[in-house]
Amino acid sequence: MRQAGRHFLQIPGPSAVPERILKAISMQTIDHRGPDFAEVGKKALSGMKTIFKTDQNVFIYPSSGTGAWEAALVNTVSPGEKVLMFETGHFAFMWSNLAKKIGLQPELIEGDWRSGADPNQIEARLRADTNHEIKAVCVVHNETSTGSVSPIEEVRHAIDAANHPALLMVDSISGLASIDFRFDEWGVDVCVSGSQKGLMLPPGLGFNAVSDRALEHSKSVTLPRSYWDWRDMVEPNQKGFFPYTPGTNLLYGLNEAIDMLHEEGLENVFARHARHGAATRAAVRAWGLEVLCTRQGQESGVLTAVKVPEGHSADAFRAVALENYDISLGNGLSKVADQVFRIGHLGDFNDLMLMGTLAGVEMGLAKSGMPHSSGGTQAALEHLKAA
Ligand SMILES: *Cc1c(COP(=O)(O)O)cnc(C)c1O
């Protein structure tokens with residue numbers, strides 16, 4: 001049966017794509033080796049530097065975020081080498097799994113899935129690594145499975161305090177363009193990102209921001225690589241071109257997205273996300289439910305993961321909300337499957353869209369018989385009015 005009105009896509013990525021970007025993408029595909037394309041490519045590459053906040057290198061792949069994860073590792077590490085990772089949640093675990101599959105030795109510091117990475121534990125492990133066997137420290141900036149943010153700048157300080165040469169690699173697939181990120185200032189060596197979250201695009205573009213130091217590493221490391229090879233990108237990129245067919249239409253959309261982010265102002269974009277995160281947490285608390293992230297100051301402005309009471313099914317609730325109110329909410333992943341649902345409040349999003357989203361959640365909680373108090377939507381409204 002037709003559902004009237006618009007669907008609420010409130011998963012933490014892909015986020016709903018704004019009209020301006022859809023329109024940009026709908027332009028005719030052009031010759032990716034022709035002169036008109038050079039301007040598109042140059043604008044995308046230099047524009048992404050302003051989003052990553054770097055004067056160093058940016059590479060763009062026609063890929064999902066997972067591809068960009070692989071690119072970060074195959075260009076910087078050699079077979080059998082160690083990388084240190086922090087288990088903030090499902091995505092950190094998946095990145096370590098990928099590292100294992102391509103022949104690295106990932107060492108995963110265990111986490112509780114309710115907070116960001118702990119710089120103290122990273123520093124202690126690096127201090128113990130006196131032979132410098134660990135080649136990279138890999139941290140997820142915004143852990144999309146839990147709604148916790150890792151303190152990237154403090155992780156850099158931890159590496160420096162241990163006087164360790166490991167590269168700092170960050171997955172900001174769901175953090176970039178939604179929460180504060182500063183590639184150069186924070187001393188990041190590789191940042192991995194994707195198009196379908198804060199950048200407001202459909203899925204299909206993967207990004208690596210790369211320090212000059214990491215790029216230098218890529219010349220001597222020996223993991224086999226072809227499609228992901230940074231070395232093949234450098235020269236064509238200088239003229240706005242790519243070594244193989246790029247995602248031409250998505251690049252049109254990317255250039256529009258970069259313009260939109262700067263028209264609003266990145267700092268305003270970050271403040272908007274933080275405010276919506278705080279209003280959502282006010283709603284969750286008023287419902288008498290639990291926010292999965294328990295570490296104050298590390299709660300995400302991108303999404304909020306909500307724990308449902310023991311013995312109840314988060315997935316059954318999500319199904320009821322989708323069927324009755326046409327709202328898609330994120331599911332709990334792996335370890336927290338069926339125990340949490342995730343409310344995405346990222347991308348091209350405003351106060352009224354948040355209120356519609358929270359109303360959909362509250363009605364879904366009632367309809368599905370989930371134990372809760374009413375008044376969450378009202379609490380969020382009060383927060384928005386005051387803030
Ligand atoms: C979405 C996401 C990924 C995976 O990206 P894909 O585009 O699905 O491959 C990895 N890490 C984080 C933190 C994410 O949010």
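Counting starts at 1 for both ligands and their atoms, following the listed order.
With Phe317 as reference, Phe341 is the one residue of Phe341, Tyr325, Trp287 to meet the ring pair (Phe, Tyr, Trp, His ring centres under 6.0 Å) rule.
Of the polar atoms of Ile173, none of the N or O atoms is found under 3.5 Å from an N or O of ligand 1, judged by distance alone.
The protein atom (non-hydrogen) at minimum distance from atom 12 (C) of ligand 1 is Asp171 OD2, 3.4 Å.
With 3.5 Å as the limit, one finds a donor-acceptor pair spanning the side chains of Trp69 and Asp171. Side-chain N/O atoms of His276 and Asp351 include a donor and acceptor closer than 3.5 Å.
By the side chain to side chain contact (heavy atoms under 4.5 Å, CB included) test, Val336 is found to be paired with Trp113, Gln339, Val340, residues two or more places apart in sequence or in another chain being considered.
Looking at Glu382 and Lys385, a side-chain N of the basic residue comes within less than 4.0 Å of a carboxylate O on the acidic one, giving a salt bridge. A salt bridge is defined here as a Lys NZ or Arg NE, NH1 or NH2 lying under 4.0 Å from an Asp or Glu carboxylate O, and Glu290 with Arg114 meets this definition. The pair Glu153-Arg182 does not count as a salt bridge, with every side-chain nitrogen at least 4.0 angstrom from each carboxylate oxygen.
Distances from ligand 1 to the non-hydrogen atoms of Gln196 include at least one value under 4.0 Å. A heavy-atom separation below 4.0 Å is not found between Val192 and ligand 1. The closest approach between any non-hydrogen atom of Lys197 and ligand 1 is below 4.0 Å. The shell of residues lying under 4.0 angstrom from ligand 1, judged by heavy atoms, includes Trp69.
For ligand 1 and Ser64, the ligand atoms under 4.0 Å from any heavy atom of the residue are 6 (P), 7 (O), 9 (O). Proximity to Gly65 (heavy-atom distance under 4.0 Å) selects the following atoms of ligand 1: 5 (O), 6 (P), 7 (O), 9 (O).
Under 4.0 angstrom from ligand 1, the non-hydrogen atoms of Thr66 come from both its backbone and its side chain. Contact annotation for His141 and ligand 1: no heavy atom of the residue comes within less than 4.0 Å of the ligand.
Separating the NE2 atom in His90 from the CH2 atom in Trp95 is a distance of 14.5 Å, to the nearest 0.5 Å.
Counting only non-hydrogen atoms, the option in Thr144, Asn142, Val140 that gets closest to atom 15 (O) of ligand 1 is Thr144.
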